[in-house]
Enquirer: 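This is the structure I want to talk about, given as C-alpha cells.
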Amino acid sequence: MKIQAINGFKDILPDEVTRWQHIEQVTRDIFHRFNFKEIRLPILEETQLFARSIGQSTDIVEKEMYSFTDKGITMRPEATASLLRAFIEHGMHVQQPVHKLYTIGPMFRHERPQKGRLRQFHQLDAEIIGAVEPEVDAELMAMGQLLLAELGLEASLEVNSLGCPQCRPAFRQKLVDYLEKYTDQLCGDCRRRISTNPLRVLDCKNPNCRELVNDAPSILDALCTDCDEHFARVRSSLDLLGVTYTPNPLMVRGLDYYTRTTFEFIARNLGAQSAVGAGGRYDGLIEELGGPKLSGIGFAMGIERLVLLLQEKDKSESAPRNQVDIFIAALGDQATLKCFQLAHLLRKTGIRAGMDYSGRSLKAQMKLAGRLGARFTLIVGDQELQEKKAGLRNMQDQSQEDFSLHQTPEETARNLKTIITESLPVNERPDFTRRQI
RNA sequence: GUGGGAGUAGCUCAGCUGGUGGCAGCACCUGGUUGUGGCCCAGGAGGUCGUGGGUUCAAGUCCCAUCUCUCACCCCA
C-alpha cells in the first residue's frame, strides 16, 4: 500500500520553507510597523459561525467546507469569521476603540485543486475593527501594497464599492432588470446567476457577457450619499498616500458580508487565479454575529500564491548555504568520541556544528562539510589526538593551521567559538548572550 | 461537480511504425589522493515503466478500466 498526501494537500519541503519564513518575516515586520497585533485562532469552529458570516448560499458554505456533520463543527475556510468570533467572545472592544489584528495560518476549502489553489492553503490576514473612517480603508490597502513591494512583487490594486444595505438592493434590482433583457445572449452560468447572485455576472469571463456588462448600470452610480462620500474619501486618501490603484466597478467579492470598499491585488503569472490578495469592509457583520455595533475591514493574502510569484521572479532555487559554522571531521574511534563531545559543547555555546558518525573517509567528510557550507573544518585523527592537536581548516581560503587540544574540552570549545566569531564581519556575528559553558 | 493534458530511477526527462528499460542529465555512493571539500575523470548503486485487465509469439509502446497528478471551468486567497 502506497500512502501519499491526499489531493489538494501539500508538503512544504525544507528548501521551500526558507521562502515561507521570509514571507512571514516581512509580513510581521510590516504589520508591526502599522501597529497590528498578532492573534492565534483555532482551526475548528462551529459550523454556524461560517454559515452566518460568509453567507448560507455561497459556494464556500454550500459545498466547499470540511465539516464534521455529526459534531456541527467545521475547519475554517477563511480567517475573518474566526477572528471576529474571538474578538466578540473576549469583549475586546471595551479595552480600546480600535483594534488592529493579524493572523497567519491554514484554511480549508474542498475545491478542485489547480494552480495557486489547494484544499489546505495558507493566508496572512489583517483586520481593523472599530473604525469606519475611509482613511482606515486606505491605510489597509497601503499596507498590503507595501507588503507586496517589500517582497519584490508587482501587483495592481483594484478598488470598488459594493454599497450598503441602504443602496445595494436597489442597484441589484436595476441590474437584474437590465440583464433580463439580454437573457438569451448570456452564458449558461450567467443565466443562473441572475437569480442566485446577479452581481456575479459583472465579472464573468465569457466574452459575450463582458460585452453586455459594459453597458450595464454601474454600482458606482447607484451608491447612496454616505457610501458615495465614503468611496470618494477612500480614493483621495489613497492618492494622498501615493498608492497606485484602478477603480473597477465590475469587481465583485464572493463573500456575503462585504459592504462598501472592496479591493483585490491582481498579479500576472498566477494562472487563472489572478488575485494574490483581496479584502473589503464588513460594516454589519460584527453585530450580525452577536457583537457590538462596530465596523470592520480586512484583507487576506494567499501565501501559496505569494510563493508562486516569488518562484516566478527568482527561478534559481539555490540550495541553502552555510548551514553550519564548523564541521568536525573525526578519524578513528577515539577521535570520534572526542569530537562527539566537542560538537555538543560547541552547540551549547551557540555555534552551529556539524558532524558525521559513520566513520567515512576524510575525503567524504570534507565533501559533507563543503555541502553544509561550513566556514571551518576541524580535523581530528587518532594520531593527532596523541599529540593533543588537530587541524583547523578555513574552508573559504583553504588555509589550514594547527589547533591545540591541550585544554579542557570546555576551553577548547570556547577557543573555537572565538576563532569562528572573529572570522565574521562584526555585523554578522550572532548574539551569544546567555550562552555560556 | 464538469472538461482537457500527463504518469518511465530521489528529481528533470529520452524511449520512433510493438522486438532485451537509458554508457541520458542533476543528485547520491566509491575510487583516482594509505588523511583534505567545490572543478575534472573513472566506476557503482538505484525501476513491479501508476495499477488491473485485454490484444499479440512478444506491450513502456496498442485497447479498456481504474487510481493519481496537473491545467482550466465553477468558485475563490
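Residue numbering restarts at 1 for every chain, and letters A, B, ... go by the order of the sequence lines. Please read all numbers here as calculations on a predicted model, not as lab measurements.
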Enquirer: List the atom pairs, donor and acceptor, that lie under 3.5 Å between side-chain atoms in residues 381-391 of chain A and the rest of the protein, sequence neighbours left out.
Expert:
residue: A/Asp382; atom: OD1; partner: A/Ala335; partner atom: N; Å: 2.9
residue: A/Glu384; atom: OE1; partner: A/Gly381; partner atom: N; Å: 3.0

Enquirer: Salt bridge check, A/Asp177 against A/Lys174: does any charged N sit closer than 4.0 Å to a carboxylate O?
Expert: no

Enquirer: Send over the distance from A/Ile6 CD1 to B/U68 P, rounded to a whole Å.
Expert: 11 Å

Enquirer: Taking any heavy-atom pair under 4.0 Å as a contact, classify A/Gly279: base, sugar-phosphate, or nothing.
Expert: nothing

Enquirer: Do the side-chain N and O atoms of A/Thr246 and A/Asn248 include a donor-acceptor pair separated by under 3.5 angstrom?
Expert: no

Enquirer: Does A/Asn7 make a side-chain N or O approach to OP1 or OP2 of B/U68 shorter than 4.0 Å?
Expert: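 For B/U68, neither OP1 nor OP2 has a side-chain N or O of A/Asn7 closer than 4.0 Å.
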
Enquirer: Between A/Leu118 (CG) and B/A77 (C1'), how many Å, whole number?
Expert: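 Distance, rounded to whole Å: 11 Å.
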
Enquirer: Look at A/Gln114 and B/U70 and indicate whether a side-chain polar atom (N or O) is within less than 4.0 Å of OP1 or OP2.
Expert: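 Answer no for this pair, as no side-chain N or O of A/Gln114 is under 4.0 Å from OP1 or OP2.
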
Enquirer: Taking only N and O in the side chain of A/Lys10, is any of them less than 4.0 Å away from OP1 or OP2 of B/C69?
Expert: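 The answer is no; no side-chain N or O of A/Lys10 sits under 4.0 Å from OP1 or OP2.
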
Enquirer: Do any pairs count as a salt bridge (charged side-chain N to carboxylate O under 4.0 Å, His left out) and have a residue in residues 46-73 of chain A, sequence neighbours left out, and if so which ones?
Expert: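 Found A/Asp59-A/Lys63.
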
Enquirer: Can you check the distance between B/G31 and B/U48, where both ends of the measurement are the C1' atom (answer in whole Å)?
Expert: 33 Å

Enquirer: Please state the P separation for the pair B/U2 and B/A65 - nearest whole angstrom.
Expert: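 Comparing P positions in B/U2 and B/A65 gives a spacing of 16 Å.
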
Enquirer: I need the CD-P distance between A/Glu127 and B/A77, as an integer number of Å.
Expert: 12 Å

Enquirer: Between B/A6 and B/C74, how many Å separate the two P atoms, rounded to a whole number?
Expert: 24 Å

Enquirer: Could I get a table of every N or O pair under 3.5 Å where one atom is in the protein and the other is in nucleotides 1-6 of chain B?
Expert:
residue: B/U2; atom: O4; partner: A/Arg112; partner atom: NH1; Å: 3.3
residue: B/U2; atom: O4; partner: A/Arg112; partner atom: NH2; Å: 3.3

Enquirer: Which value, in whole Å, describes the distance between the C1' atoms of nucleotides B/C13 and B/U8?
Expert: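 Nearest-Å result for B/C13 against B/U8 at atom C1': 9 Å.
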
Enquirer: Going by atom types only, do A/Tyr66 and A/Gln120 share a side-chain donor-acceptor pair under 3.5 Å?
Expert: no

Enquirer: How does each nucleotide of nucleotides 32-47 of chain B score, in 5' to 3' order, for protein heavy atoms under 4.0 Å: base (B), sugar-phosphate only (S), or none (-)?
Expert: B--BBBB---------

Enquirer: Mind checking whether A/Phe263 and A/Phe265 have parallel, tilted or perpendicular rings, split at 30° and 60°?
Expert: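 It falls in the perpendicular class, over 60°.
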
Enquirer: Does A/Leu13 reach a base, just sugar-phosphate, or nothing at all? Heavy atoms under 4.0 Å.
Expert: nothing

Enquirer: If you look at every strand shown and take non-hydrogen atoms under 4.0 Å, does A/Arg119 touch a base, only sugar-phosphate, or nothing?
Expert: nothing

Enquirer: Is the shortest heavy-atom distance from the side chain of A/Arg192 to the side chain of A/Asp189 under 4.5 Å?
Expert: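 Answer yes - side chains close enough.
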
Enquirer: Roughly how far apart, to the nearest Å, are B/C16 and B/G60 at atom P?
Expert: 12 Å

Enquirer: Which residue pairs pass the salt bridge (charged side-chain N to carboxylate O under 4.0 Å, His left out) test when at least one of the two sits in residues 147-158 of chain A, sequence neighbours left out?
Expert: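 Passing the test, one end in residues 147-158 of chain A: A/Arg33-A/Glu150.
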
Enquirer: Does A/Thr412 reach the main-chain N or O of A/Leu405 with its side chain, forming a donor-acceptor pair under 3.5 Å?
Expert: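 Answer holds: no.
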
Enquirer: Expressed as a whole number of Å, how far does the P atom of B/A42 sit from that of B/A27?
Expert: 15 Å

Enquirer: Apply ring pair (Phe, Tyr, Trp, His ring centres under 6.0 Å) to the pair A/Tyr102 and A/Phe31, showing each step before the final yes or no.
Expert: CA-CA 8 Å; A/Tyr102 77 92; A/Phe31 285 9; 5.3 Å; yes

Enquirer: Give RNA chain B the dot-bracket treatment, 5' to 3': Watson-Crick (N1-N3 with N6-O4 or O6-N4) or G-U (N1-O2, O6-N3) under 3.5 Å, [ ] crossing, | other strand.
Expert: (((((((..((((.....[..).))).(((((.......))))).....(((((..]....))))))))))))....

Enquirer: Please report the distance, rounded to the nearest Å, between CG in A/Asp189 and C1' in B/A72.
Expert: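 Taking CG of A/Asp189 and C1' of B/A72, I get 13 Å after rounding.
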
Enquirer: Quick one: A/Arg193 CZ to B/C73 P, roughly how many Å, whole number?
Expert: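 My rounded result for the distance is 11 Å.
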
Enquirer: How far does the P atom of B/U68 sit from the matching atom of B/G32, given to the nearest Å?
Expert: 50 Å

Enquirer: Does one side chain, of A/Asn160 or A/Arg253, offer a donor that lies under 3.5 Å from an acceptor on the other?
Expert: no

Enquirer: Tell me the interatomic distance from A/Gln4, atom CD, to B/G7, atom P, rounded to whole angstroms.
Expert: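 Rounded to whole Å, this separation is 17 Å.
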
Enquirer: Within the structure shown, what part of the strands sits under 4.0 Å from A/Asp125 by heavy-atom distance: base, sugar-phosphate, or nothing?
Expert: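 A/Asp125: no heavy atom of the nucleic acid under 4.0 Å.
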
Enquirer: Using the C1' atom in both, what is the distance from B/C11 to B/U17, to the nearest Å?
Expert: 32 Å

Enquirer: With A/Tyr282 as reference, evaluate A/Asp256, A/Leu84, A/Leu255 under the side-chain contact (heavy atoms from CB on, under 4.5 Å) test and give the passing residue.
Expert: A/Leu84

Enquirer: Looking only at the side chain of A/Phe121 (C-beta and beyond, no hydrogens), which of the listed nucleotides B/C75, B/A77, B/C29 gets closest?
Expert: B/A77

Enquirer: Rounded to whole Å, how long is the line connecting atom CD of A/Glu62 with atom C1' of B/C74?
Expert: 13 Å

Enquirer: Between A/Gln145 and A/Thr244, is there a side-chain heavy-atom distance shorter than 4.5 Å?
Expert: yes

Enquirer: Can you check the A/Phe265 CZ to B/A77 P distance for me, whole Å?
Expert: 13 Å

Enquirer: Just wondering, do A/Glu78 and A/Ile60 contact through their side chains at under 4.5 Å, heavy atoms?
Expert: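 When only atoms from C-beta onward are counted, A/Glu78 and A/Ile60 do not touch, as no gap falls below 4.5 Å.
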
Enquirer: Quick one: label A/Ile303 by what it contacts on the DNA or RNA (base, sugar-phosphate, nothing), any heavy atom closer than 4.0 Å.
Expert: nothing

Enquirer: For A/Arg109, report the nucleic acid contact type (base, sugar-phosphate, nothing); a contact means any heavy atom under 4.0 Å.
Expert: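 Since a base atom lies under 4.0 Å of A/Arg109, the category is base.
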
Enquirer: On RNA chain B, check which nucleotide each of A/Cys204 and A/His122 is closest to and give me the residue with the more 5' one.
Expert: A/Cys204

